[in-house]
Amino acid sequence: MFDIKWIRENSAVFDGALKRRGGSLRSAELLALDETRRKALTRAQETQAKRNKLAREIGAGKAKGENVDALLAEVAHDKANEAALQAEAERLQADLDARLALMPNVPAADVPDGGDASYNQEIRRLGTPPKLAFKAREHFDLGESLGLMDFERAAKISGARFVVLKGALARLERALASFMLDLHTAEFGYTEVNPPALVNDAAAFGTGQLPKFGSDLFRTESGLWLIPTAEVPLTNLVAGEILDEAQLPTRLTAMTWCFRSEAGAAGKDTRGMLRQHQFTKVELVSIAHPDASAAEHERMTGCAEEVLKRLGLPFRTVVLCTGDMGFAAQKTYDIEVWLPGQGRYREISSCSNCGDFQARRMKARFRPKGEKGTRFVHTLNGSGIAVGRALVAVLENCQQADGSVRIPDVLKPYMGGLDVIRPAKA
RNA sequence: GGAUGGGUGGCAGAGUGGUCGAUCGCACCGCACUCGAAAUGCGGCAGACGGGCAACCGUCUCGGGAGUUCGAAUCUCCCCCCAUCCGCCA
């Protein structure tokens, strides 16, 4: 969410940013509305000031036993006018806010321009895709052969884009999540949080899901939203708060289910568990000092990459171009893991620096030491990493000729010492 | 779901119609004292918005909304949230 004052003073930057994102120029229209709004506000405030003054005079006059009928008549006369001016100012304010709430964040200066994912730029690549002496199978093929991944029964009870995991695969998902949480908490200083998976409108607005992207979410009958990512509850933990500067950075991690309607994804990744309505993810969130958020972004991306390094999964990291970034992001790194079954890299993590965009929406501030007033914090979020897709990646990268799957060393303690997942006996 | 009690500035906690945007304390900031620190003393300290080059002036905000009144933190109504007890329940 933008500060209209910032747009007023940086209209060229604002329009340039929208243009880079493929939008149309809007500052002139917004500033005209703002001009009207401020004039209406001033008029309304002048009448309020007058009323306050008269009310004080009436009070003082009455205390002295004077006749205040003339003053009372004057107040009564102004009353209708004041209400109308106030309503007008409020209407214009609401109109401006509604427009600002739909504006995406400005891309950082070092984000490449481009309209779609083909303009994303690879910045590094680690690990080597495994050389298999046999034709690599896709994860759903492996999982079903193992007898531990069941899409048909999931469809029976829930519909498309759900899966049932059993036995060693169910445990593998739990092992992956535990490993990730242990890594982030023990080595990277994140605090583990177990947040609500249902949030209210204000929280969904704060991180930018509302008002524009409500159709991507599931909504309960009572009006709550199922979280599409733990970014929503974790980031909103500081909503409306004024932090001490010493509390920055606050680093949080959570394993949660994520729920996405996948509206508009019809036909994409229909087979397998790459794109589900419900999936497990370990999320990383940082509440950072504005001067430190760029460095925090690099650090967070490194934390996510470390998960893949230790699992021995080949990956590459790309910086998203302006046209491929999310609504709230200033800059985003995607980490893509190698999937032998598909023979290509697929997104497994997305780490974004949102600057003060979300902080403004949720009014999350801090008090700079030795300075007057408050400043908005910067918020960052990243998958650390998507557990469901990590399970897919382990299956495909660690598959063996006989359809069995080798367990990465770092996961063995979490798997009760199991080395290999073998097909269930027929 | 029922009953009761609450939601006030970073925290804690007064305030039941008229300079209350709000007493006092803690925290924080500045100054003094000190070689330095602690303790102590003095002073400052809510946020947002609008106007102004600025000093400064004004408006709004005491969970949210509506109302009564010349005037509401304070009275009325609705809603939300929290605490405790009861019921139900993983």
Side-chain angles (χ1 to χ4, degrees), chain A residues 1-9 30-101 194-206 210 219-225 233 236-248 250 257 287 289 356 359-377:
Chain A
M1 184 103 166
F2 290 100
D3 178 3
I4 187 65
K5 279 191 291 192
W6 181 86
I7 296 177
R8 213 182 295 152
E9 287 154 20
L30 291 169
L31 291 178
L33 177 57
D34 178 50
E35 184 72 24
T36 314
R37 175 198 132 247
R38 282 186 291 153
K39 285 196 172 128
L41 183 60
T42 298
R43 279 196 299 273
Q45 289 186 352
E46 280 166 357
T47 61
Q48 287 168 341
K50 183 180 176 192
R51 169 172 54 77
N52 288 340
K53 179 168 166 281
L54 288 174
R56 275 193 297 270
E57 287 173 12
I58 291 168
K62 274 192 171 173
K64 288 187 220 154
E66 296 169 359
N67 185 309
V68 295
D69 287 354
L71 294 173
L72 287 173
E74 190 171 356
V75 167
H77 174 262
D78 289 347
K79 201 142 201 195
N81 190 34
E82 181 189 334
L85 288 171
Q86 248 183 65
E88 175 69 357
E90 278 166 24
R91 188 186 66 74
L92 290 164
Q93 179 73 56
D95 190 5
L96 181 63
D97 284 346
R99 287 167 199 249
L100 289 174
N194 193 335
L198 288 163
V199 297
N200 59 26
D201 287 351
F205 179 86
L210 294 183
R219 187 169 187 265
T220 67
E221 281 191 40
S222 61
L224 294 173
W225 305 87
N236 274 288
L237 283 173
V238 296
E241 305 207 355
I242 300 176
L243 306 173
D244 287 334
E245 188 167 9
Q247 291 175 264
L248 305 178
T250 294
W257 274 323
I287 311 301
H289 191 288
D356 64 7
R360 283 183 188 286
R361 294 171 87 93
M362 63 178 71
K363 298 182 173 49
R365 292 163 291 175
F366 73 101
R367 225 177 267 288
K369 197 126 181 110
E371 245 179 79
K372 221 174 154 237
T374 59
R375 289 180 71 185
F376 287 104
V377 298

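Protein chains get the first letters and strands the later ones, always in sequence-line order, with residue 1 at the start of each. As a basis for the values below, the full set of heavy atoms in this structure was taken, side chains included, without hydrogen atoms, waters or symmetry mates.
- One P atom belongs to B:A73, the other to B:A66, and the distance between them is 15 Å to the nearest Å.
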With 3.5 Å as the limit, what N/O pairs link the protein to nucleotides 17-21 of chain B?
| residue | atom | partner | partner atom | Å |
| --- | --- | --- | --- | --- |
| B:G18 | N2 | A:Ala55 | O | 3.0 |

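- No engagement by A:Arg43 is indicated, since no non-hydrogen atom pair under 4.0 Å with the nucleic acid exists.
- Across all strands shown, A:Arg360 has no heavy atoms under 4.0 Å from either base or sugar-phosphate atoms.
- For the salt bridge (Lys or Arg N to Asp or Glu O under 4.0 Å) test, no residue two or more places apart in sequence or in another chain qualifies with A:Arg43.
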Can you give me every donor-acceptor pair (side chain of residues 48-58 of chain A, partner residue at least two apart or in another chain, under 3.5 Å) with its distance?
| residue | atom | partner | partner atom | Å |
| --- | --- | --- | --- | --- |
| A:Lys50 | NZ | A:Glu74 | OE2 | 3.3 |
| A:Lys50 | NZ | A:Asp78 | OD2 | 3.0 |
| A:Arg51 | NE | A:Glu82 | OE1 | 2.8 |
| A:Arg51 | NE | A:Glu82 | OE2 | 3.0 |
| A:Arg51 | NH2 | A:Glu82 | OE2 | 2.9 |
| A:Asn52 | ND2 | A:Gln48 | O | 3.4 |
| A:Lys53 | NZ | A:Glu57 | OE2 | 3.3 |

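- Applying the side-chain contact (heavy atoms from CB on, under 4.5 Å) criterion to A:Glu90, with sequence neighbours excluded, gives A:Gln86.
- Residues passing the salt bridge (Lys or Arg N to Asp or Glu O under 4.0 Å) test with A:Arg37 are A:Asp34, sequence neighbours excluded.
- Distance from the side chain of A:Arg367 is smallest to B:G10 among B:G51, B:G10, B:A48.
- Counting non-hydrogen atoms under 4.0 angstrom, A:Asp244 reaches nothing in the nucleic acid.
- Of all nucleotides listed (B:U59, B:G50, B:G10), B:G10 comes nearest to the side chain of A:Ile242.
- Taking the C1' atom of each, B:A3 and B:C88 are spaced 15 Å apart, rounded to whole Å.
- Among the heavy atoms of the strands, none lies under 4.0 Å from A:Lys53.
- By the side-chain contact (heavy atoms from CB on, under 4.5 Å) test, A:Arg99 is found to be paired with A:Glu29, A:Leu30, A:Leu33, A:Asp95, residues two or more places apart in sequence or in another chain being considered.
- Side-chain atoms of A:Arg38 lie closest to B:G50 of the nucleotides B:G50, B:G58, B:C70.
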Taking protein heavy atoms under 4.0 Å as touching, what does nucleotides 73-78 of chain B look like 5' to 3' if B marks base contact, S marks sugar-phosphate-only contact and - marks none? ------
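- Closest approach to the A:Arg365 side chain among B:G50, B:C70, B:A48 is made by B:A48 (side chain taken as heavy atoms from C-beta onward).
- Rounded to the nearest Å, the gap between the C1' atom of B:A22 and that of B:A32 is 30 Å.
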Under 3.5 Å between N/O atoms: give me all the protein pairs with nucleotides 65-68 of chain B, atom names plus distance.
none

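- Among residues two or more places apart in sequence or in another chain, the side-chain contact (heavy atoms from CB on, under 4.5 Å) test is passed with A:Arg360 by A:Met1, A:Asp3, A:Asp356, A:Phe376.
- Remark: A:Asn200 engages A:Ala202, A:Ala203, A:Leu224 in a side-chain contact (heavy atoms from CB on, under 4.5 Å) (not counting sequence neighbours).
- Here, B:G13 and B:U40 have their P atoms 23 Å apart, quoted to the whole Å.
- With sequence neighbours excluded, the residues that form a side chain to side chain donor-acceptor pair (under 3.5 Å) with A:Asp201 are A:Trp225.
- RNA chain B contains the following stems of three or more consecutive Watson-Crick or G-U pairs, with both distances under 3.5 Å: B:1-7 with B:80-86, B:28-32 with B:40-44, B:46-51 with B:56-61, B:63-67 with B:75-79.
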